[in-house]
Enquirer: 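This is the structure, below, for whatever I ask next.
Just follow the structure's listing: the first ligand is 1, and inside any ligand the first atom is 1.
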Amino acid sequence: MSTFYGPDFQALQSSDPQIAEVLLKELDRQRMNLQLIASENFTSPAVLATLGSTLSNKYAEGYPGKRYYGGCEEVDVAEEIGIARAKELFGAEHANLQPHSGASANVAIYQAFTKPGDTVLAMSLAEGGHLTHGSKVNFSGKWFNVVSYGVRKDNERIDYDELEALAHQHKPKMICSGATAYPSLIDFKRIRQICDAVGAIMWVDAAHFIGLVAGKAIESPVPYADAVSFTTHKVLRGPRGGMILSKAEHAAAIDKAVFPGMQGGPIMSAVAGKAVALKECATSEYQDYAKKVIENCKELAASLENEGMRAVSGGTETHLALIDIRSTGVTGKEGDERCSQSGITLNKNAIPFDPEKPSITSGIRVGTAAVTTAGMGRAEMKEIASLIARAIRDGADREKAAKIMQDVHSLTAQFPVYPR
Ligand code: DSN
């Protein structure tokens, strides 16, 4: 067997110094700034090595043993290992590792279970859902009759009574649960009961929290759902990509919807990278990590409240918190920009019933997946809350922002990622 042929950075530097410089600067940015985007993480060197491998060259339309190209014997092994690991880790009857992304996985879900024009019930984007859950600018909202449910005004948690009433009223073909900006846990048992009562397919878009499920830190939707779609690069800490788990009875429909229904050749370096990440997720270290992600997020939300801001729904039970920053007199957009100038990467986010436009918003979303991977704990979460509060207050002033950035860099220097 030959030795591994992996990323050759010096070759890139001599052939394309401009792009080589982007890679170096991005590495510095990830190392030095505070990474609080709730959907990002630092994937392992093993996953990165797999992504940067010659598997990227291989066309493999089809599935292991049933490909439309020759020479798939090695990549077949990687995909079979990945499928077996996914089934084992999540206790799933079927797994498809080929979707290029979470949104592509969701295209496949619609295709497997519905026809254009069908009614689907899903969480409104404005209250925490996702573009593919029926936004008018997305295929889902253009091609399907998506009815939206939301959260209650009093506790900012899913209004299950409304969801149930809408299900009986509209008789949807499919009900989607899962969100991108919802800090609370979801009652999958209740949603299964509602699906059964109206004969709907239960689809869970678990992109945000699947890593917490993999780490056994929260309840799994897999025993309840007909199908669970997700991304593999958030708390799960794998390569950028998507995945679908399902009951065995839906296996053929899901596989056909992914290929040839939704995409051609899978990205085999990413499929193998997913297999590597799934092995990492099956360790006790990863389970500790998943629990710490939630502990850290609880601490971060509480510390931001101590700084005078409000955590939506009173805090968090997951890896993300949604913070209403109206008390500071600064909009979500300004808060995001001021944090960015101060070396803190997060995103503006609508809060439930937000009086501001989606491009402005009244909130910010923070997540602890990446900072926990870097090794930070509760003491650092308090420090991060203070840095965010300073940035929101003073970050419009260049000198003050520069001082906050210095403090951010002193903190991140103690928790180096991708050590030199
Ligand atoms: N855009 C992702 C997020 O940041 O939550 C979801 O797809």
Side-chain angles (χ1 to χ4, degrees), residues 30 33-43 99-110 122-141 146 148 151 158 176-186 203-214 218 221 227-244 262-263 270 274 293-294 297 300-301 312-313 316-323 332-333 335-336 339-340 344-352 354 358-359 361 363-373:
Q30 291 190 19
N33 290 356
L34 266 172
Q35 308 302 338
L36 296 171
I37 303 262
S39 45
E40 293 182 357
N41 209 335
F42 300 118
T43 201
H100 298 333
S101 70
S104 332
N106 292 352
V107 174
I109 293 279
Y110 280 91
M123 190 158 175
S124 124
L125 178 60
E127 288 166 55
H130 184 248
L131 276 175
T132 54
H133 301 176
S135 161
K136 289 288 169 219
V137 294
N138 182 260
F139 80 93
S140 54
V146 181
S148 299
V151 297
I158 291 172
C176 170
S177 47
T180 64
Y182 184 67
S184 308
L185 297 177
I186 297 173
W203 161 36
V204 178
D205 181 346
H208 259 272
F209 56 84
I210 194 70
L212 303 175
V213 174
I218 64 170
V228 180
S229 62
F230 50 92
T231 48
T232 48
H233 49 266
K234 297 188 171 88
V235 185
L236 197 72
R237 220 160 52 181
R240 185 159 292 277
M243 202 185 290
I244 301 175
M262 184 269 301
Q263 65 190 33
K274 290 169 199 176
V293 168
I294 300 177
C297 206
L300 181 57
V312 166
S313 75
T316 180
E317 298 167 324
T318 65
H319 63 297
L320 72 84
L322 198 52
I323 309 297
K333 180 173 185 284
D336 177 340
C339 284
S340 180
I344 301 168
T345 308
L346 45 71
N347 63 283
K348 65 174 178 283
N349 213 106
I351 56 169
D354 202 318
S359 56
T361 81
I364 54 170
R365 187 185 67 161
V366 289
T368 48
V371 289
T372 307
T373 295

Enquirer: Under 3.5 Å, is there a donor-acceptor pair between the side chain of Asp205 and the main chain of Ala207?
Expert: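 Such a contact is found between Asp205 side chain and Ala207 backbone.
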Enquirer: I'd like to check the side-chain contact (heavy atoms from CB on, under 4.5 Å) partners of His208; sequence neighbours left out, ordered by chain and number.
Expert: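 Ala38, Ser39, Thr180, Lys234, His319, Leu320, Arg365.
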Enquirer: Assess the residue pair Thr361 and Asp354 against the criterion (side-chain hydrogen bond (donor to acceptor under 3.5 Å, both in side chains)); give the C-alpha distance rounded to whole Å, side-chain angles, the decisive distance to 0.1 Å, and a yes or no.
Expert: CA-CA 7 Å; Thr361 81; Asp354 202 318; 4.9 Å; no
Enquirer: Apply side-chain contact (heavy atoms from CB on, under 4.5 Å) to Val107 and list each qualifying residue two or more places apart in sequence or on a separate chain.
Expert: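 Testing Val107 for side-chain contact (heavy atoms from CB on, under 4.5 Å), a comparison that skips the adjacent residues, returns Phe139, Met262.
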Enquirer: Protein residues near ligand 1, heavy-atom distance below 4.0 Å?
Expert: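 Those residues closer than 4.0 Å to ligand 1 by some heavy atom are Ser39, His130, Thr180, His208, Lys234, Arg365.
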Enquirer: Not counting sequence neighbours, which residues clear side chain to side chain donor-acceptor pair (under 3.5 Å) with Ser104? List them please.
Expert: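 Partners of Ser104 under the side chain to side chain donor-acceptor pair (under 3.5 Å) test: Ser101.
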Enquirer: Say you draw a straight line from CE of Met243 to OG1 of Thr232; how long is it, rounded to the nearest 0.5 Å?
Expert: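 Separation between the atoms: 5.5 Å.
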